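One structure is given below, encoded as structure tokens.
As a basis for the values below, the full set of heavy atoms in this structure was taken, side chains included, without hydrogen atoms, waters or symmetry mates. Naming convention: chains lettered A, B, ... in sequence-line order (proteins, then strands); numbering from 1 in each chain. Treat the numbers as computed from the prediction; the structure is a model and nothing was measured.
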Amino acid sequence: MNTRDCGHIISASSPAKGEAGKTGEWRTQRPVLNEAKCLAVRANKDICFQCWAFCPEGAIERKPGGPIDLTYCKGCGICAQICPADAIQMESEYDSPESTKSE
Amino acid sequence: MTVLNQQRVNNTHNHLSNPKTYPPGQHVVTGNQSAAIGAFLSGVQVVAAYPITPQSPVVEELAKFIEEGELPAEFVPVESEHSAMGVCIGASIAGARVFTATCANGLAYMCEQLHWASGSRLPIVMACVNRAMAAPWSVLNDQQDSMSQRDAGWIQLFCKDNQEIIDTVIQAYRIAEKVYLPVMVCYDGYILSHTVMPIEVPDGNKVKKFLPPYIPHTPIDISKPVNINPVTLADPRLNADGVLCHGYMEHKYLHHQSLRNSLKIIEEIDIEYKDIFGRSLGGLFSEYKTDDADVVIICAGSLSKMCTLVIDMLREQNVPIGLVSLRAYRPFPNQKLSVALKNKKLILTIDKSLSYGYQGPICIDIKSSLFESGISSTVISFVAGLGGRDIKPYEIAEKAYDYWNKFNKKELTNEIIYESQWINCKY
Amino acid sequence: MDHYKEVSNFFRNYKKDNITQIRWHGRGGQGAITSAKILAVAGFLAGYKGVTSAPFFGAERRGAPVIATTKLSKCTICDFSQIVSPDVVVVLDNTLLKTINVTQGLKPNGWVVLNTPQHFKYDFLQNSFNFIRVNATQIAEESGLISAGIPLVNTPILGTLLHVLPTIDLSHIHKALEQFFSPKAVLKNFDVISRVYKECSVEKIGNFLQELQES
Amino acid sequence: MTSILEIPADEYMLPGNRSCAGCGLGIGLRYILKALEGKCVMTVPACCLTVLGGMYPISSITVPWVNSVFPGTAAMATGLVAGLKALKREDITVLAMAGDGGTYDIGIQGLSGAAERNANFLFVCYDNEAYMNTGTQRSGATPKGVKTTTTPIIGKIHSPKDMGQIMDAHNIPYVATTCISYPTDLYDKVKKAKDIYGLRYIHLCVPCPSGWQYDPKDTVTIGQLAVETGAIVLYEIENGIFRLTGRSRRLANGGKLKPITEYLSAQKRFANLDTSSLDELQEYIHKRWNEFITKDKTLTE
């Protein structure tokens, strides 16, 4: 297999998610949202969004209880740290019932 | 053609066809002026440069054109050569036709940018006004500067006289934009840069026809964003669509192949140029009285023009000698040269530079070219004119005469074969 | 050995280009380099196919002695080497004579064109040189060709050169000036050049030593 | 001032990129590109951001991006500006982003030249206070006393340059400092800078978990501590007028700086500092803070 088909004259990349692979695999801890505590979920309104605002990966959707994209979430824990309602807990990947690698 | 490209076409070549002060026809100008007029006629859009002797008058002349409103280009007076090339790279990526000029330590200072420009496959044209490399300081001519950058992946073309400078600058854009490689137009400092001689300034309207607008290979397009020159792995890698893309080595292969392919392009464009403007620059190299020659002098730059005189002198003394003037040094026309040098008994190379610890770069390349072709001529390396040391035609003639006689008498010792012979070195 | 010497002499005296070589002596800022170029352009306009002009390749500064050269030839000039044996030397400033051997390498029967006031010691001259003396400073002063308080002599002296290089005439000089100066400056320069050309009468051209001896 | 809820949802940085877990740069980049609405071309030298941007042939960023040699960011940006101008495509903002090494050290010549020429681009120095991409070597931005791999035992003995002042001394139209822990402050400053002609310089404090040696979860809180202790001061200088902004402004208007030790003790890189150095640093911080307050003539408005 050769590289001719790419047709590139220079090294020029095109955007795509997961350039570094499924970076969720880097995680040792996963964020778990307790919806009962989440301000936005409880109010069912577009409020707070601190977790979305401060996610360095852009892996949290801007929605009440916005799902966290565990495929790419690197498990840094900023969202848990920043949440004013203490609604996100970091849980060990080893204790987690779901496999990180499943997709 | 995309809308973006159409826009680009419309925006290129909106300058006056001809500079008011240099209308088509004959003018007596310096080499630096010749280069500047060439850049004007080529419709450069961005000029960035840093002053260095003996290059500065090139960009001074262009600054004049721009400030007088004749040339609607951006002039960026940068704070260093490193930035001069940086600006050229940025502007060329943005889709503009760019020009800069430098020499010697300035060229060395932009060294990493030279690799960046060629690796980005940008058709930048730069005048390199050949000057000696410090230390010690010398502002005078030799070719150590550009020769030291021969492996930077640029096309290097040498000019014999001021006419060739203007013609080569114009051709350089055509070549560069065809093969997507930067071109260094090399001409001797002072000997050409500061010496006036008559040139024929071509008609800008014809140049416009000869030189179609520049279309960048990877346009800046917000609707189709790309990341240019990111970290590239050693091995090929799949993109998001599963297409295998180059590794670092494939990029280098492509770069190298384009340089090799440019051998053909340089010749073709020179022929086309001749059809339009009536002048050929000899393509890759030019020959003078080589047909029946047993001994050949090979050199590059203004020296090669002077050597035509040397050949005439020696011919009158019945030395069967000819001359090969190298125009393209990179890519090196090894195969064509081997054909030209077939059956030549003695080859005398004259370098105005050195690969320290071995011999002159031209000599080294000639020797390897001959080896590839199984030609077993004797090659003698001469080094001359370093740091502006004046070269007289008779000095070269005497050397050539002397070594031709030594060759015939089988008196060429190992000392002569394996070491460079220094012309007019008083040590 | 003799054969080599003979061949060597042949090379050294080889004159296919048949170049008329003019060497200019001045001081940095006096405009010797510009005049050398103007002469080259005028020469080209007068039909010389090969002309070159270059400053002596160095880094001379204002006030320091500078050298410029002009070469004129009926065919294309291939020899880009420096001038060692000029046909004409032009000296813009007589004070240079104290420190510089302006006639170095000057061909026998070559010309010295000197800007100088009347009275000066000319013992540097050899019998075999031809000599034109002109007080270009005074003429420039009288004609108001002055820049920053200093009379310009570089262009006026071109007027004298026309006597040495008869193939070039005033019209060529005029056209050449247009390449270098604004129309106003061309007018002014050309006026002075014409005056110098006329005042530098043919009679004054000759072996100046003889003139000196006679006086 | 824009609130978090008013920040556009559009993202121009894609997840699954190559940045370290907890890297503050990701937060910063998101807001810069949001403020520019993606209508920009970035240029970046060799730095952590290059790594974040991804390896050929995949990019983690959805705006055009041109890589540059390490010292050449500002020149490349100047070139892009000149080229785009020549092609009458001036609607695109040129964004240069370099780390502290690429700004304070190897990049300063080109940046200074571009500032003197008032080249029309936005330069963001994301400052993580050392050469993080090559393994935490000291830079001109590394604070005094910090242990890095090239100041391994004693810690850095020199104070960092004040890059904000250096840039201000170039008389460019806009200079600002900000921190990723205050993304709306960053967003507003980029948005403002976007519409100013000339060289605009924004200094962005970016805490780095690996180099500063703290738990990645603390990136935002460390950045907040930096501002609340006065180690980092948020300000902007617009056409020569200096004003504190955001959290720093609120602190100046009746608030009180936290002791610097709260910021320092949260990071292992400062572990070397003894009591006298800490006192000295605290004194320096207060002195500088008072200077800033005096300098800001708008505080009483």
Of D/Thr221, D/Val220, D/Asp215, which is the lone residue that meets side-chain contact (heavy atoms from CB on, under 4.5 Å) with A/Ile78? D/Val220
Quick check on D/Ile180 against chain A: is it the side chain, the backbone, both or neither that has a heavy atom closer than 4.5 Å? backbone
Which residue out of D/Gly22, D/Gly53, D/Ser3 racks up the most heavy-atom pairs below 4.5 Å with chain A? D/Gly22
Residue, of A/Ser14, A/Gly18, A/Gly77, A/Ala59, that accumulates the most heavy atom pairs under 4.5 Å with chain D: A/Ser14
Shortest non-hydrogen pair, A/Tyr72 vs D/Gly16, comes out as CD2-CA, 3.3 Å
Between A/Ala12, A/Gly21, A/Gly75, which has the largest tally of heavy atom pairs under 4.5 Å with chain D? A/Ala12
Test your reading of the model: is there a side-chain donor-acceptor pair from A/Glu19 to the backbone of D/Met55, 3.5 Å cut-off? yes
Which one, D/Asp218, D/Leu5, D/Thr219, leads in non-hydrogen pairs under 4.5 Å with chain A? D/Leu5
In terms of heavy-atom pairs under 4.5 Å with chain A, the winner among D/Gly24, D/Pro209, D/Cys20, D/Pro183 is D/Pro183
Need one label for D/Arg30: side chain, backbone, both or neither, based on atoms under 4.5 Å from any heavy atom in chain A. side chain
When rounded to the nearest 0.5 angstrom, what is the spacing between CD in D/Glu11 and CD1 in A/Ile60? 10.5 Å
Answer whether the closest heavy-atom distance between the side chains of D/Ile4 and A/Trp52 falls below 4.5 Å. yes
Only residue of D/Ile58, D/Asn17, D/Leu14 satisfying side-chain contact (heavy atoms from CB on, under 4.5 Å) with A/Lys17 is D/Leu14
D/Ile61, part contacting chain A, at a heavy-atom distance under 4.5 Å: backbone
D/Lys217 side, atom NZ; A/Ile82 side, atom CD1 - distance, nearest 0.5 Å: 11.0 Å
I'd like to know which of D/Ala21, D/Pro216, D/Pro15, D/Gly26 tops the heavy-atom pair count under 4.5 Å against chain A. D/Pro15
Kindly give the heavy-atom pair with the smallest separation between D/Tyr56 and A/Cys6, and that separation in Å. OH-SG, 4.0 Å
Please flag which part of D/Pro64 lies under 4.5 Å from any non-hydrogen atom of chain A: side chain, backbone, both or neither. neither
Would you say CZ of A/Arg62 has more than 12 non-hydrogen atoms from neighbouring residues, nucleotides or ligands within 6.0 angstrom? yes
Select one option (side chain, backbone, both, neither) describing which atoms of D/Thr62 are under 4.5 Å from chain A's heavy atoms. both
Taking A/Cys79, A/Gly58, A/Pro56 one by one, which has the highest count of heavy-atom pairs under 4.5 Å against chain D? A/Pro56
Chain D heavy atoms under 4.5 Å from A/Gln50: which part of the residue, side chain, backbone, both or neither? side chain
Working note: D/Cys23 + A/Glu57, criterion side chain to side chain contact (heavy atoms under 4.5 Å, CB included); need CA distance, chi angles, decisive distance, verdict. CA-CA 9 Å; D/Cys23 172; A/Glu57 197 63 25; over 6 Å; no
Does the side chain of A/Lys74 reach to within under 4.5 Å of the side chain of D/Ser19, using non-hydrogen atoms? yes
Which residue out of D/Ser59, D/Ser60, D/Ser181 racks up the most heavy-atom pairs below 4.5 Å with chain A? D/Ser59
